[in-house]
Amino acid sequence: MAAHAVVVHRIPGRVRLRIQDRRGNAAYFSNLSENLARFENVHNARANPVTGSIALEFAGSLDEVLRRAEKDDLLTIVEAVATDKNPFTAGANAFSDAAPPVNLVSGHDMNRMFMVGLMLLAVSLIQAFRGQWFPPALSVFWYAWEAFSLSNLTEGRGGV
């Protein structure tokens, strides 16, 4: 029986699959990486049994690689996550999906990244008043600015 795999990250020419039910099984992941590396359009297959994942570097179509893996009964793709090339947006989306919305007293959902930005802004102001300008105050201010920028990107995803 083929293991169930989830596409957790994908960029052109590279994909990471998570196989949670075989996590920790070093023999399975060794066998899987050897079999996938034999595919003509797969350049490299690196398995990590500790995390239960395998990274594939390939040429051509990912669908073709995954169809062949399913045909050879190596794994079955059960779902895939949306990919985002912007690491800041991808992190915000993962952060927004990680926890259920937080309700304010008014009953509306609040934007988590905006709240993170407020907390970081407060820390940067405290550091500035303490005279810790370099690097703490400016670094934390920069992180706050990034969080505020991300709050605009995630506003439709749990934000007010």
Side-chain angles (χ1 to χ4, degrees), residues 1-103 109-120 123 135-136 139-160:
M1 181 176 143
H4 299 294
V6 176
V7 176
V8 293
H9 182 259
R10 177 177 67 184
I11 58 174
R14 189 176 187 287
V15 66
R16 179 169 302 279
L17 304 171
R18 175 89 14 100
I19 307 167
Q20 193 65 31
D21 55 339
R22 301 290 173 102
R23 187 174 172 195
N25 187 340
Y28 169 79
F29 280 100
S30 175
N31 184 40
L32 180 63
S33 64
E34 288 173 12
N35 285 324
L36 290 172
R38 289 187 186 121
F39 290 4
E40 62 187 43
N41 51 350
V42 173
H43 302 300
N44 192 8
R46 288 185 317 273
N48 186 341
V50 174
T51 61
S53 67
I54 186 163
L56 300 174
E57 294 175 13
F58 60 92
S61 168
L62 173 61
D63 292 334
E64 183 180 318
V65 172
L66 297 178
R67 268 194 302 260
R68 172 127 185 246
E70 287 183 353
K71 182 182 151 215
D72 290 356
D73 203 30
L74 296 174
L75 49 88
T76 302
I77 302 298
V78 291
E79 65 182 79
V81 295
T83 58
D84 196 337
K85 293 181 182 176
N86 183 343
F88 291 112
T89 308
N93 293 341
F95 184 70
S96 296
D97 294 338
V102 179
N103 291 327
D109 295 341
M110 72 175 150
N111 189 311
R112 289 177 199 83
M113 291 309 289
F114 184 79
M115 294 307 293
V116 168
L118 282 178
M119 289 187 304
L120 291 171
V123 169
S139 297
V140 176
F141 180 77
W142 176 258
Y143 297 141
W145 182 264
E146 288 297 317
F148 286 133
S149 298
L150 290 174
S151 72
N152 293 331
L153 295 174
T154 61
E155 194 163 314
R157 302 171 53 101
V160 177

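Side-chain contact between Leu56 and Leu62 is absent, with no heavy-atom pair separated by less than 4.5 Å.
Of the inter-residue distances, the one linking Thr51 atom OG1 with Gln20 atom CD reads 9.0 Å to the nearest 0.5 angstrom. Rounding to the nearest 0.5 Å gives a distance of 7.0 Å between CD of Glu64 and CD of Glu40. Atom CG in Leu74 sits 9.0 Å away from atom CD1 in Ile54 (nearest 0.5 Å). The CZ atom of Arg18 sits 8.5 Å away from atom CG of Asn48, with the distance rounded to the nearest 0.5 Å. To the nearest 0.5 Å, atom CZ of residue Arg16 and atom CD1 of residue Ile11 are 10.5 Å apart.
Across Ser61 and Asn41, no two heavy atoms sit closer than the pair O-ND2, 4.5 Å. Residues His4 and Val78 come closest through the heavy atom pair ND1-CG1, 3.2 Å. The shortest non-hydrogen separation linking Phe39 to Val65 is CE2-O, 3.8 Å. Closest non-hydrogen pair, Ala47 versus Ser33, comes out as CB-CB, 4.0 Å.
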Requested in this report: Determine, step by step, whether Ile19 and Tyr28 satisfy the side chain to side chain contact (heavy atoms under 4.5 Å, CB included) criterion, reporting the C-alpha distance in whole Å, the side-chain angles of both residues, the deciding distance to 0.1 Å, and the verdict.
Outcome: CA-CA 10 Å; Ile19 307 167; Tyr28 169 79; 4.0 Å; yes
Report task. Please report the C-alpha distance between Leu66 and Val15 in whole Å, then the side-chain angles of each, then the deciding distance to 0.1 Å, and finally whether the side chain to side chain contact (heavy atoms under 4.5 Å, CB included) criterion is met. Result -> CA-CA 10 Å; Leu66 297 178; Val15 66; 5.6 Å; no
Report task. Run the numbers on Val7 and Leu17 for side chain to side chain contact (heavy atoms under 4.5 Å, CB included), then give the verdict. Result -> CA-CA 5 Å; Val7 176; Leu17 304 171; 3.5 Å; yes
